[in-house]
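Hydrogens, waters and symmetry mates are skipped; everything else that's a heavy atom, side chains included, is used.
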Number of protein chains: 2
Amino acid sequence: MTVTLADVAARAQVSPATVSRVLNGNYPVAAATRERVLRAVADLDYVLNGPASSLAAATSDLVGILVNDIADPFFGIMAGAVQSEIGGPGGRAGGERLAVVCNTGGSPERELTYLTLLQRQRAAAVVITGGAIEDAGHAQALTAKLQRLSEAGTRVVLCGRPPAPGTEAIALTFDNRGGGHRLTGHLLSLGHRRIGYIAGPEERTTTRHRLEGHREALADAGLPTGEELTVHGPYDRGSGYEATLELLRREPGLTAVVAANDTVALGACAALRESGRRIPDDVSVCGFDDLPFSVDAVPALTTVRLPLSDAGARAGRIAMGREKEPPGGVATVRGELVVRGSTGRA
Amino acid sequence: MTVTLADVAARAQVSPATVSRVLNGNYPVAAATRERVLRAVADLDYVLNGPASSLAAATSDLVGILVNDIADPFFGIMAGAVQSEIGGPGGRAGGERLAVVCNTGGSPERELTYLTLLQRQRAAAVVITGGAIEDAGHAQALTAKLQRLSEAGTRVVLCGRPPAPGTEAIALTFDNRGGGHRLTGHLLSLGHRRIGYIAGPEERTTTRHRLEGHREALADAGLPTGEELTVHGPYDRGSGYEATLELLRREPGLTAVVAANDTVALGACAALRESGRRIPDDVSVCGFDDLPFSVDAVPALTTVRLPLSDAGARAGRIAMGREKEPPGGVATVRGELVVRGSTGRA
DNA sequence: CTGTTAGCGCATTCAG
DNA sequence: CTGAATGCGCTAACAG
């Protein structure tokens, strides 16, 4: 029924082994023979059986990319970059790898489930993007799982996440703390003193580091860290909107709002505008990430640009073993302060 | 080295067959035996070998989701919705399916490559999102490939793409033509007559249908279809920006701009603003899709809302065989005109 | 350079 | 309800 390697071999009048060799291209085969085999493949419209191939070879061409939220360009940009380095020649069979992105939705269970599924498929590599959940139980389970993956020969790379001690995972970490520090430093230099902070979800490394940077900047300036002006929420537009209304309630004299990321900042801008405040004349706003739409906001967002695409591409190359791992298995990726129209003097 | 089914069987003192049966849960096993097996699985930290399992069963738990641009929320939202319906119980082994999204980057070759890869993996289903490339050669190759997939037992669902005649693929098509028609109708009713159109890439069904709707509306009103005021470009911000400058050059008296989608519209707004024009006082702008950021644009974008999330979820359910297929295998999903601040009287 | 020989790990018959 | 036997389709030694 379904055509197999043996069928191709019969038609090309060679042994199955030879067909396998031309298909995988990792072994010398006479040009004429190769020709004949390829024609037979085309004639029969043969497609390699992936599971059988992976079973026999004890490895697959699957590369998993885990993202917290596939609808968020922050992850989409990284995932696309990872994938662009993974596709193309280099795979085992047919020279193509299957880069697959898995959407965890930010759920620790789903993260683990996907890793198990990838482990089950004997994935060649796994790239995990974005911040981690800070829960002791989950961290332990994750560490164990990553270790298991490494032992099974799956290369693990973290992109935009702190290192995972106790594992062999390579980490490209974003300097969220430093970025947050510079952002707030910028506001302070403009004379702002009553600064609201809209943080991401609690128990997320990204959230915590950005917030710590903010508070360090405040502390450096000898100011109170203003816990009462911090509101947590998800990394979405609605959160920025709601949180801003809440901040305004707590401190009507607010002169600046720092948002967990650009998307949240957009919601903050909407809320401020609806409350009759002008940006940046009455209140300054900043975001984080510098997503593509940020430059088109009105006024354009002051933010911290993270080289998402570069980082993703690098993670992809490391996952493929095409780039040297950073010393110690950890590299820090800095964000650059981008000052635009949404911030001004207090 | 790596623990196998046999190891689990030995530890649980049952036969491999029994272990397989409890793992797949599709066969009666005594509760006590099941207990023992599950404990052994936990003790040994056993993970099923996916390739071996798929090989023996001649099917896998992989479900592929093809997207044109993973960094674009338009696709991210659909992909996330598809995936939310695919995950969870229902899979063969362990009750979990691996929903994987593949980024074609809009390239026909990559689309085919990914489909082959998925075919190779004996994917349970494939959901293809977004418009198709209108190239006779590619269409033929794609039809053949989809047919091959169907024959191999892979369910194929198109989401946001016209039906593929000659295949068994189910299609949830967006009414891009109708949406485009209503959008332009709205502008005409506001008195606009000199309307620029920024179309997406040529040879894309989405592009063509939206544009046709636009021209039909013009024709219905007895106006020329204004081919000289149509500019093509990719579905991104930069395209909107450049195209708008070009349109302004061709017709400085433009009173409205219709963009291929919201992202393009954002770029158009930026260009208009930089040219000193106010929106909507001098020039009205509309987008398409109603992505999350569109409501936060200033002024908020008039657009056509596509139920991306609903459509994706439905596609996912159909792919899983959990929802009845639409009659004739085709369903049309309408877009709703959403009038906001970016459009006003001419 | 090419053919032969063995499994890879699991799901299924088929018996019991 | 459970065990034994068979083969899924392919790759990887090993010979030639």
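Residue Y46(B) has its side chain nearest to dG9(C) when only dT12(C), dG9(D), dG9(C) are considered.
Annotation: side-chain hydrogen bond (donor to acceptor under 3.5 Å, both in side chains) contacts of T143(A) (sequence neighbours excluded): none. Under the side-chain hydrogen bond (donor to acceptor under 3.5 Å, both in side chains) criterion, E109(A) pairs with S107(A), sequence neighbours left out. For the side-chain contact (heavy atoms from CB on, under 4.5 Å) test, residues two or more places apart in sequence or in another chain that qualify with Q119(B) are V47(A), K145(B), R148(B), L149(B). Partners of R155(B) according to the salt bridge (Lys or Arg N to Asp or Glu O under 4.0 Å) rule, which considers only residues two or more places apart in sequence or in another chain, do not exist here. In terms of the side-chain hydrogen bond (donor to acceptor under 3.5 Å, both in side chains) criterion, residue partners of D43(A) (sequence neighbours excluded) are, by chain and number, R11(A). With sequence neighbours excluded, the residues that form a side-chain hydrogen bond (donor to acceptor under 3.5 Å, both in side chains) with N68(B) are T104(B). For R314(A), the salt bridge (Lys or Arg N to Asp or Glu O under 4.0 Å) criterion is met by E323(A), not counting sequence neighbours.
Atoms CG (L23(B)) and C1' (dC10(C)) sit 10 Å apart, rounded to a whole Å. N24(B) places its CG atom 11 Å from the P atom of dC10(C), with the value rounded to the nearest Å. Rounded to a whole Å, the CZ atom of R122(B) is 17 Å from the P atom of dA11(C).
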Extract from the structure each pairing of a protein N or O with an N or O of nucleotides 1-4 of chain C at less than 3.5 Å, listing the distance.
residue : atom : partner : partner atom : Å
dT2(C)  : OP1  : T33(A)  : OG1          : 2.4
dT2(C)  : OP2  : A30(A)  : N            : 2.8
dG3(C)  : OP2  : S15(A)  : N            : 3.0
dG3(C)  : OP2  : S15(A)  : OG           : 3.3
dG3(C)  : OP2  : T18(A)  : OG1          : 2.8
dG3(C)  : N7   : R21(A)  : NH2          : 2.7
dG3(C)  : O6   : R21(A)  : NH1          : 3.3
dG3(C)  : O6   : R21(A)  : NH2          : 3.4

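If you check the side chains of T18(A) and S15(A), you find a donor sitting under 3.5 Å from an acceptor.
Within the 4.5 Å cutoff, side-chain heavy atoms of L66(A) are placed close to those of L118(A).
Mapping V19(A) and A52(B) onto DNA chain D by nearest heavy atom places A52(B) closer to the 5' end of the strand.
In this model, the phosphate group of dC10(C) is not approached by any side-chain N or O of S53(B) to a distance below 4.0 Å at OP1 or OP2. Distances shorter than 4.0 Å separate none of the side-chain N or O atoms of N49(B) from OP1 or OP2 on dC8(C).
Axis angle, first five pairs versus last five pairs of the helix from dC1(C)-dG16(D) to dG16(C)-dC1(D): 20°, rounded to 10°.
In this structure, L55(B) reaches the bases: a heavy-atom distance under 4.0 Å links it to at least one base atom across the strands shown.
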